[in-house]
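To keep things clear, I will list the structure first and then write my remarks on it.
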Amino acid sequence: MLNIEGLTRYYGKFLALDHLDLTIGDGELHGFVGPNGAGKTTTMRILATLLAPSAGSAQIDGVELIGGGKRARRLVGYMPDFFGVYDNLRVGEYLDFYARCYDIGKVQRQRMTDQLLELVHLSDKRDEMVDALSRGMKQRLCLARSLMHDPKLLILDEPASGMDPRARAEMKGILKTLKEMGKTVLISSHILPELSEMCDSLTILDHGKLVFSGTVDALAEKMSGDAPVDIRFTPTASEGQVENAVSVLRELPYVSGITQEESRFLRVRVEGGEKNRADLLCELMAREMPVLDFHREPMNLEKVFMEVTQDA
C-alpha cells in the first residue's frame with residue numbers, strides 16, 4: 001500500500017533522512033519510533049507532501065506522493081504533533097470549513113461531520129466553541145479533521161502527546177476502530193509501551209537510518225531470544241530434586257548457563273530460540289520435575305529501543 005524507496009533529506013549539509021526503504025501494508029497500524037532528531041517528523045512531512053525530499057520516492061497504491069498534487073493529497077490525512085485549531089468556530093463549523101477546503105459537497109459534508117464526530121466521541125460537542133474543549137477533545141477533533149476527505153493513509157505525529165490516561169485510552173480505541181475500517185495508520189510516539197499494544201508492526205529510526213522494521217513480536221524475539229528462562233520449583237520440592245533438575249539441564253546441549261538464585265529458583269540461559277525453550281520444559285516435565293513456574297521475562301519496548309539504537 002505505502003512503498004518508500006531511498007527517501008533522503010538534507011538540511012544544508014546535515015543528513016536528516018538517509019535512504020529510507022519501507023513498505024507498509026493495507027490496514028496496518030505501524031509505529032514510527034526513534035529519539036529526537038531521528039528523522040521521524042521529516043519522513044512524515046514528506047509523506048504528507050509538506051516537504052520535498054532530496055532524493056527518493058514514495059507511492060500509495062502506485063500514486064506518487066512527491067509531486068503528485070491534489071490526487072496524492074487526497075490519499076493522505078496528516079495530524080501534526082502541534083496542531084492548530086480555530087478557537088472562534090464551533091466544532092461542527094470547524095469540520096465543515098476543512099471539508100470545504102477539499103471541495104466536498106454540502107450533503108456529504110454534513111454526513112461526514114456526523115460520522116466523524118461520532119467516531120471521535122464528540123457528537124455532543126457539535127455546537128460548542130472549539131476554545132471550550134479540553135486538550136484531549138481538541139486532539140480528537142484534529143483527528144476527525146484529518147479524516148474528513150476519507151484518506152487511505154493516516155499519519156499521526158504524537159497523537160497522544162499530553163493526554164491523561166483516560167484520553168489516551170479513548171484515542172487507542174479510536175485507532176482500533178480505524179484499523180477495523182481498513183485505514184492504514186502511521187503513528188509516531190515516544191510512549192513505547194502503548195505502541196507495542198496498538199501496532200501490528202513498527203519501524204525504528206536513529207540518526208536518519210532505519211535500524212529495524214517488522215512486527216513487535218519479531219523485534220522482541222530478536223532482542224530477547226537469548227534472555228534467560230526463570231524456573232521456580234514447588235515449595236515442597238526437596239534439595240535433591242532441585243539438584244537433579246540442575247543435572248538434567250546440564251545434559252542439554254542448548255543450555256549455556258545455570259544460576260541458582262534461590263533454593264528453589266533457577267535462571268537458565270538457553271540458546272536457539274523458542275523451540276529449545278519448549279523442549280527444555282518438556283524434558284523437565286518428562287522427568288517429573290516439580291516445576292511451579294517457567295517463564296522468560298519479556299523485554300519491554302523501552303529496553304529494546306535503547307539496545308537497538310545504542311550503536312546505530
Side-chain angles (χ1 to χ4, degrees), residues 24 26-33 44 48 74-102 104-202 216:
I24 301 175
D26 281 320
E28 201 170 303
L29 268 175
H30 190 89
F32 220 35
V33 187
M44 290 183 159
R74 284 273 181 178
L75 297 173
V76 181
Y78 176 53
M79 178 179 164
D81 53 348
F82 294 103
F83 47 86
V85 292
Y86 297 111
D87 293 340
N88 59 340
L89 291 178
R90 299 186 187 278
V91 168
E93 293 172 337
Y94 177 84
L95 292 181
D96 186 77
F97 169 78
Y98 278 96
R100 287 170 182 263
C101 292
Y102 281 98
I104 298 174
K106 181 178 180 180
V107 174
Q108 187 179 358
R109 287 201 310 270
Q110 292 176 340
R111 184 174 67 252
M112 289 295 293
T113 297
D114 291 341
Q115 292 174 348
L116 290 172
L117 287 176
E118 182 177 356
L119 173 69
V120 299
H121 312 304
L122 290 176
S123 295
D124 60 335
K125 303 294 183 181
R126 184 187 188 109
D127 296 323
E128 298 218 6
M129 302 300 293
V130 172
D131 189 40
L133 300 180
S134 68
R135 176 180 175 85
M137 290 179 182
K138 287 181 179 179
Q139 282 171 289
R140 282 185 275 141
L141 178 61
C142 288
L143 176 60
R145 178 193 75 189
S146 67
L147 289 163
M148 181 57 74
H149 58 296
D150 195 24
K152 294 204 69 174
L153 173 66
L154 186 60
I155 301 172
L156 308 178
D157 198 354
E158 297 284 350
S161 175
M163 286 186 172
D164 61 39
R166 181 181 295 277
R168 286 202 301 271
E170 289 177 341
M171 180 63 78
K172 286 166 64 178
I174 294 169
L175 293 175
K176 182 179 179 181
T177 301
L178 290 173
K179 175 179 169 59
E180 293 170 352
M181 293 167 59
K183 297 293 183 187
T184 300
V185 186
L186 180 61
I187 312 169
S188 166
S189 179
H190 291 292
I191 307 174
L192 302 181
E194 291 195 352
L195 276 186
S196 68
E197 294 173 8
M198 291 188 296
C199 295
D200 305 300
S201 57
L202 56 82
V216 174

Taking the side chain from [X] and the backbone from [Y], do they hold a donor-acceptor pair closer than 3.5 Å?
X: His149; Y: Val76; answer: yes
X: Arg74; Y: Tyr102; answer: yes
X: Lys183; Y: Pro151; answer: yes

Would you call Arg109-Asp96 a salt bridge at under 4.0 Å N-O?
yes

Taking all non-hydrogen atoms of both residues into account, name the closest pair between [X] and [Y] and its distance.
X: Val120; Y: Arg140; result: O-NH1, 2.8 Å
X: Glu158; Y: Gln139; result: O-NE2, 4.3 Å
X: Ser188; Y: Pro159; result: O-CD, 3.4 Å
X: Ser201; Y: His30; result: OG-ND1, 2.7 Å
X: Ile174; Y: Leu119; result: CG1-O, 3.6 Å
X: Leu133; Y: Lys138; result: O-CE, 3.6 Å

Does Leu141 form a side-chain contact (heavy atoms from CB on, under 4.5 Å) with Lys125? I'd like the steps, not just the answer.
CA-CA 10 Å; Leu141 178 61; Lys125 303 294 183 181; over 6 Å; no

Can you tell me how far [atom2] of [Y] sits from [atom1] of [X], rounded to the nearest 0.5 angstrom?
X: Asp200; Y: Leu29; atom1: CG; atom2: CG; answer: 5.5 Å
X: Thr177; Y: Lys172; atom1: OG1; atom2: NZ; answer: 13.0 Å
X: Met171; Y: His121; atom1: CE; atom2: NE2; answer: 10.0 Å
X: Met44; Y: Met79; atom1: CE; atom2: CE; answer: 11.0 Å
X: Leu154; Y: Leu75; atom1: CG; atom2: CG; answer: 12.5 Å
X: Leu186; Y: Leu156; atom1: CG; atom2: CG; answer: 8.0 Å

Taking the side chain as every heavy atom from C-beta outward, state whether [X] and [Y] have any pair of such atoms under 4.5 Å apart.
X: Arg90; Y: Arg126; value: no
X: Leu147; Y: Leu178; value: yes
X: Cys199; Y: Ile187; value: yes
X: Asp157; Y: Phe32; value: no
X: Leu175; Y: Lys179; value: no
X: Arg145; Y: Leu95; value: yes

Strictly under 6.0 Å, is that where the ring centroids of Tyr94 and Tyr98 end up?
yes

Atom CD of Glu118: over 12 foreign heavy atoms under 6.0 Å:
no

For the side-chain contact (heavy atoms from CB on, under 4.5 Å) test, which of Asp127, Leu117, Asp124 pairs with Val91?
Leu117

